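Heads up, the thing below is written out as structure tokens.
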Protein chains: 2
Amino acid sequence: MATIKDIAKAAGVSVTTVSRALNGYSDVSERTRKKIKQIADDLSYSPNALARSLVMNKTKTIGLLVSGISREGAKDNIVFEVLTGVNEYCGQVEYDIVLFNTSSSQQKKKTYTQLCRERRVDGVVIQGIKNDDPYLIEVIESDIPCVLVDIPIQGDTVGYVATDNVAGAKEAVQHLVDLGHKQIGMINGHDRAFVSQERIQGYIEGLERNHLIYNKSLVYNGGFSEKQAEAAAVSLLENYPDTTAIFCASDLMAFGVMRGAKRLGKEVPKDLSIVGYDNINLSSYVTPSLTTISQDMYQIGYSAASLLIELLEGGDPKRSKIVSHELVIRESTGERNQPF
Amino acid sequence: MATIKDIAKAAGVSVTTVSRALNGYSDVSERTRKKIKQIADDLSYSPNALARSLVMNKTKTIGLLVSGISREGAKDNIVFEVLTGVNEYCGQVEYDIVLFNTSSSQQKKKTYTQLCRERRVDGVVIQGIKNDDPYLIEVIESDIPCVLVDIPIQGDTVGYVATDNVAGAKEAVQHLVDLGHKQIGMINGHDRAFVSQERIQGYIEGLERNHLIYNKSLVYNGGFSEKQAEAAAVSLLENYPDTTAIFCASDLMAFGVMRGAKRLGKEVPKDLSIVGYDNINLSSYVTPSLTTISQDMYQIGYSAASLLIELLEGGDPKRSKIVSHELVIRESTGERNQPF
DNA sequence: AAGAAAATCCGAAACGTTTAGGAATTTCTT
DNA sequence: AAGAAATTCCTAAACGTTTCGGATTTTCTT
């Protein structure tokens, strides 16, 4: 493997000159630069990023910390979509991405900060982290630049990108209200997710705006799990049979609710309208296809990366970005059946 | 950021001793080791992986080269699943993963080898690469250890992991034959994919084993695209209306075929049986759910990583791994309607 | 108690870059 | 043609580790 020294020797110049020639500095004559470049090509030289990073104290690498990279998490491709977005932006600005596997590092008792420090990433985007995750505190206290996905925290070195979950949830219930529904239940995720907190708030606001009373017992937690949501939906519908619509904090849970409805002999959307959240791939393929709040996870990833790089390269002092969402109406919602 | 020097100074020993203490060498007394560890903790020291890698000439990092990390590629989560598998294994053996974005590097004219050399990955797993991809030749010629997914090439530094695609395809058509189908069409991917070559071979063998004649004009290429497959299916069914079953080289294309069938007023599986390949998430959710050849992409990723690491650490000289597949029968296939 | 053996430690080089500061050479000015 | 200015190049240190070879200290042997 050719190094800068080899080139220097072959060209009869110092390593300094080689370095400066290859990096486009102005204090090297065109003639020698040509020669050096030629030799570098001949030796098929590629710079050692390690050595460079070591002295420059900058790796042009960002970490991607996701807790959802597990076999189960592969169902919705949310994680993958933001990864794709991050990857796309990083490709444009020539940053590399290193994947941190929190799961294993956790058992190895390596903290978030240690991970980042060891690998010398310039910054990190964090996704799928829970409210009570010990990592979260570390993030905020550490001085490693990072941007969070879906957790609205900002600071000197931390930014975030998210969607307006309360608005989204509000639109979802508004849609249901517009269809004539009066008793709307909700299957939420769990308390340790910021999005859940926001989505229920939106749910409540949506009801109140339409002068519907908010009944706490109509909302269940489904833990973002299909199975759990199915059980929750069954309970909900058995205890409150007048419920004609359910708003779910995720599409996956909406599928669970669908299954639960089927179990109870309820037809969607005739007897029960369902709206989900996320608009994952499955949602348009399933029958009936799912009405949902669509969020562009690719865009979120892309924005997260761009925000982080800005943070790193000291651009403008923006610290957060809200990406838009959209209600997409499909077959799982319909007019309320008037029970005459 | 504390370095080994800081620790040495604080402990009153040399950097050598600190290094050897921290790395568990035997030639340092327990007393000083304790002290050094204590100080390291106090200073919240974490080793600089860059410096270490530089001198050790080993990064404990593998590259992941996939061409499918794009917005469109997010539909099937195949890429993501192997990534998950790779990640899982790497987590266990404490390797990190860096994502290479081929797309951008291509336009930047950086070759595969350059990418790997620069970033100093110890090895690389490659996925979603096409037959005629210039990268492929590079891979084989370069001395960088790598394992290919779904491309059966092996050499001194290159291994692969795949499934037995010809057997899989054979089982698929056998299933259709068993259901009474006599005229079975196929929608293949494209010629630049090894899996396509194998799957059509399996298709042919499957037919011949049952003394059905192989009719070349019954197989169309769908380019692994849903849309394209839909068009192909329509052509196929219009030109050869006696076709009662279609075997598709991917689930995504099978969905296209479903849509095409619907366009022609054909009911699945009554008028047309369809079997796909891959068993992606969608397949079990769609109606009718899709009969398909299931391959465990997670396992493939996991195996690929483990094979690579073995290659790196000089374990046994295995160079390839075949992971098992399985026919999963769902609703999209049924007995042939005898046209009396 | 003296020499041998074992245990513990250290100095310095090496990995492949970048860069500050200055030296050598060329070109410009008058 | 001599000094100034600009151009081109180089020396050496630095980044944070690991490791070879040897030096020092302690413990064991008799």
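Residue numbers start from 1 in every chain, and the chains themselves are labelled A, B, ... in the order their sequence lines are given, proteins ahead of strands. This structure is a prediction, so every number in the text was calculated from the model and none was measured.
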> Parallel under 30°, tilted from 30 to 60°, perpendicular over 60°: which one fits the rings of A:Phe80 and B:Phe80?
Replying inline: tilted

What is the separation between atom [atom1] on [X] and atom [atom2] on [N], rounded to the nearest whole Å?
X	N	atom1	atom2	answer
B:Ile7	C:dC10	CD1	C1'	17 Å
A:Glu30	D:dC9	CD	P	10 Å
A:Asn23	C:dT19	CG	P	8 Å
B:Arg52	D:dG16	CZ	C1'	10 Å
A:Met1	C:dA14	CE	P	20 Å
A:Leu54	D:dC15	CG	C1'	4 Å
A:Arg20	D:dT7	CZ	C1'	13 Å
A:Met56	D:dA14	CE	P	19 Å

Side-chain N or O of [X] closer than 4.0 Å to phosphate OP1/OP2 of [N]:
X	N	answer
A:Asn48	C:dC15	no
B:Ser14	C:dC10	yes
A:Tyr25	C:dT19	yes
B:Thr32	C:dT8	no
B:Thr17	C:dC10	yes
A:Thr16	D:dT11	no
B:Ser29	C:dT8	no
A:Tyr45	C:dT17	yes

> What nucleic acid atoms does B:Ser19 come within less than 4.0 Å of, heavy atoms only: base, sugar-phosphate, or nothing?
Replying inline: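 Base: the residue B:Ser19, judged by heavy atoms under 4.0 Å, touches a nucleobase.
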
> Hey, does B:Asn57 reach any base, or is it just sugar-phosphate, or nothing, if we go heavy atoms under 4.0 Å?
Replying inline: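 Contact class for B:Asn57: none.
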
> Under 4.0 Å between a Lys/Arg side-chain N and an Asp/Glu carboxylate O for A:Asp96 and A:Lys60?
Replying inline: no

> Is the shortest heavy-atom distance from the side chain of B:Tyr45 to the side chain of B:Ile39 under 4.5 Å?
Replying inline: no

> So do the side chains of A:Val15 and A:Arg20 get within less than 4.5 Å of each other, counting heavy atoms only?
Replying inline: no

> Considering only side-chain heavy atoms of A:Val28, which listed nucleotide, D:dA14, D:dG16, D:dC9, is closest?
Replying inline: D:dC9

>> Can you tell me which nucleotide in D:dC10, D:dC9, D:dT18 comes closest to the side chain of A:Asp27?
In response: D:dC9

> With distance as the sole criterion, is a donor-acceptor pair present between the side chains of B:Ser46 and A:Glu118 under 3.5 Å?
Replying inline: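 On atom types as modelled, these side chains do not qualify, holding no pair under 3.5 Å.
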
> Does any donor atom in the side chain of B:Asp143 or B:Thr157 lie under 3.5 Å from an acceptor atom in the other side chain?
Replying inline: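 Result is no, nothing qualifies.
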
> If you pin A:Lys5 and A:Val15 to their nearest nucleotides in DNA chain C, which one's is more 5'?
Replying inline: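 Whichever sits nearer the 5' end wins; that is A:Lys5.
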
> For DNA chain C, whose closest nucleotide is more 5', that of B:Ser26 or that of A:Ile4?
Replying inline: B:Ser26

